[in-house]
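Data block below; observations after.
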Amino acid sequence: MNLPTTPATGPLPALLDQPPETLRAWFADRGQPALRVKQVRRWILAGRADSFDQMSDLPRELRGELARHFAALGTRVERHLVAKDDTHKLLLRLSDDRMIECVLIQEPPRRTACISTQVGCGMGCVFCASGLNGVVRNLTAGEILEQLVRLRNLTAAPDGRLSNIVVMGMGEPLANLDNLLEALEVTGHKDGLGIGARHITISTVGLPAKIRRLADLGKQYHLAVSLHAPNDLLRTRIVPTNEMTGLDEILAAADYFFEKTGRQVTYEYVLLGGLNDNPRTARELATLLQRRKAHVNLIPFNDVEGLPYVRPTPEAQATFIDTLKRAGLSVKVRKRKGSEIDAACGQLRRKVEQEPAPAAV
Ligand code: SAH
């Protein structure tokens, strides 16, 4: 068994990354009962403790021993930005010095956490900041959970909870499905963050086999598929991985998800001025989605430094919305939150990584 028995020289392993059986054995080695595992995890997940010192119902000596072997939270806050609309963005440094972003969006009574699943992204969507340098690695279940814990700890009231999770940060969630599901399983626990599957949206570029797997789980997650174009020719220009999958397979998998779960699928559509925002494309999209009980979420392009894309004109956007609505589709335009803090994912990390290193003193 992979037991950390001697204090590490590098960063200490994060507690949330330890399998419960590893922790049980660690406590047993110290003559401590198995219930300590639940107790410590509950402090972090529900009790807002970010150090062992705060865990007042543990013997003092045990708290010290825990602190020598584990990090209560393994990520470090590299930047914490707050926008005027009370959107918070965290840039977190992981134990291997990689960085990820996560965001808290507060629109009472909703408190939504937007989380990442990978360092970088391998999907290469041409307009997206997260994938510009490819994918580095998957996040562990603990790293996914820690984003939620840290964002929840930012909510104002001490009993404040997150109400929703959107897995729309950096990375392709379905390319890291096992770790994501492990984290979300904990999220739903009453001793954890108490957020059930119905309040969790998983957004994917469209990996058909993984969509089907998600459907077969029998969970009530909400699925959002990033469509961005109504035909393969245009979609492959915008979402290069489309070349390998194709729209038909993605839509068939999404239909299967709806059949199995009864949950309506959302189709996300980034509006890129002059590229996929013209009336003909809108009509084609309407025809494609009309016979489905689909919801469309339009996202006007968020500027990414160095990329040549632009937002649609207000007229083009209005015509696009109107065309979809007249076809009977349910349409929403995603509100822009925290724009002055680069809340669109992947942008802050790029900026900080490109900053010159601080001069040595
Ligand atoms: N890999 C997942 C999650 C990506 S982020 C997916 O593809 O769905 C969530 C949504 O934001 C996706 O629809 C993504 O295409 C969109 N997005 C990424 N960069 C954007 C930008 N600069 N402007 C607008 N939307 C963007």
Side-chain angles (χ1 to χ4, degrees), residues 89 100-103 105 112-135 138-139 144 147 164-177 179-180 200-208 210-211 214 221-229 234-242 244-245 247 250 253-254 257 265-273 275-277 285 294-312 317 320 332-339 341-351:
K89 175 161 224 173
I100 53 161
E101 298 179 14
C102 56
V103 181
I105 302 150
T112 304
C114 177
I115 56 168
S116 298
T117 50
Q118 297 182 308
V119 178
C121 184
M123 300 300 121
C125 301
V126 294
F127 55 83
C128 175
S130 297
L132 288 175
N133 295 322
V135 62
N138 283 338
L139 297 185
I144 296 171
Q147 297 172 66
N164 298 75
I165 300 173
V166 293
V167 190
M168 294 188 181
M170 291 166 57
E172 169 48 44
L174 298 193
N176 187 16
L177 189 52
N179 292 350
L180 175 64
I200 300 174
T201 300
I202 302 176
S203 174
T204 177
V205 73
L207 306 181
K210 298 290 179 67
I211 292 176
L214 197 60
Y221 298 122
H222 178 190
L223 178 72
V225 175
S226 294
L227 209 59
H228 308 329
L234 184 58
R235 191 167 193 268
T236 299
R237 273 177 68 192
I238 300 173
V239 181
T241 55
N242 188 64
M244 291 179 294
T245 39
L247 272 175
I250 295 170
F257 183 91
V265 175
T266 293
Y267 290 94
E268 292 161 286
Y269 194 101
V270 173
L271 284 169
L272 302 161
L275 188 56
N276 67 353
D277 67 339
L285 182 65
H295 175 76
V296 182
N297 204 335
L298 296 174
I299 321 172
F301 172 64
N302 278 313
D303 295 317
V304 177
E305 221 180 285
L307 293 185
Y309 306 100
V310 293
R311 295 167 77 76
Q317 186 169 311
F320 204 94
K332 260 204 189 121
V333 179
R334 189 169 299 168
K335 273 192 261 166
R336 242 184 145 191
K337 304 295 288 179
S339 51
I341 57 167
D342 290 327
C345 252
Q347 311 219 44
L348 178 61
R349 177 183 75 128
R350 263 175 77 69
K351 213 178 262 175

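Keep in mind that this is a model prediction, so the values were computed, not measured. For ligands, and for the atoms within them, numbers begin at 1 and follow the listed sequence.
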For C128, the ligand 1 atoms whose distance to one of its heavy atoms is below 4.0 Å: 18 (C), 19 (N)

Pull out every atom of ligand 1 sitting under 4.0 Å from any heavy atom of M168, numbered as shown with elements. 5 (S), 9 (C)

Exercise: identify the closest heavy-atom pair between I144 and S116: CG1-O, 4.1 Å

Keeping the roles fixed (side chain from N276, backbone from H228), state whether a donor-acceptor pair exists under 3.5 Å. yes

Under 4.0 Å to a heavy atom of V205 - the qualifying atoms of ligand 1, by number: 6 (C), 7 (O), 8 (O)

Counting heavy atoms only, which part of V304 comes closer than 4.0 Å to ligand 1: side chain, backbone, both or neither? side chain

If you measure from atom 4 (C) of ligand 1 to every heavy atom of G169, C121, P173, which option wins on shortest distance? G169

Give a yes/no verdict on whether any heavy atom in M123 is under 4.0 Å from an atom of ligand 1. no

Over all heavy atoms of both residues, which pair between H295 and K332 is shortest? Give the atoms and the distance, please. NE2-CB, 4.0 Å

Tell me, yes or no, whether the heavy-atom count around R311 atom CZ, taken from other residues, nucleotides or ligands under 6.0 Å, exceeds 12. yes

Option nearest atom 3 (C) of ligand 1 (shortest heavy-atom distance, choices G171, S116, S226): G171

Smallest separation among heavy atoms of N176 and T117, with atom names: ND2-O, 2.9 Å

When every non-hydrogen atom of A254 is compared with those of V265, the smallest separation belongs to O-CG2, 3.6 Å

Indicate, as side chain, backbone, both or neither, the part of H228 found under 4.0 angstrom from ligand 1 when only non-hydrogen atoms are considered. side chain

Under 3.5 Å, is there a donor-acceptor pair linking the side chains of T204 and E172? yes

Pick, from D303, I299, N302, T241, the option with the minimum heavy-atom distance to atom 23 (N) of ligand 1. N302

What do we get for E268 next to ligand 1 when only non-hydrogen atoms under 4.0 Å count, side chain, backbone, both or neither? side chain

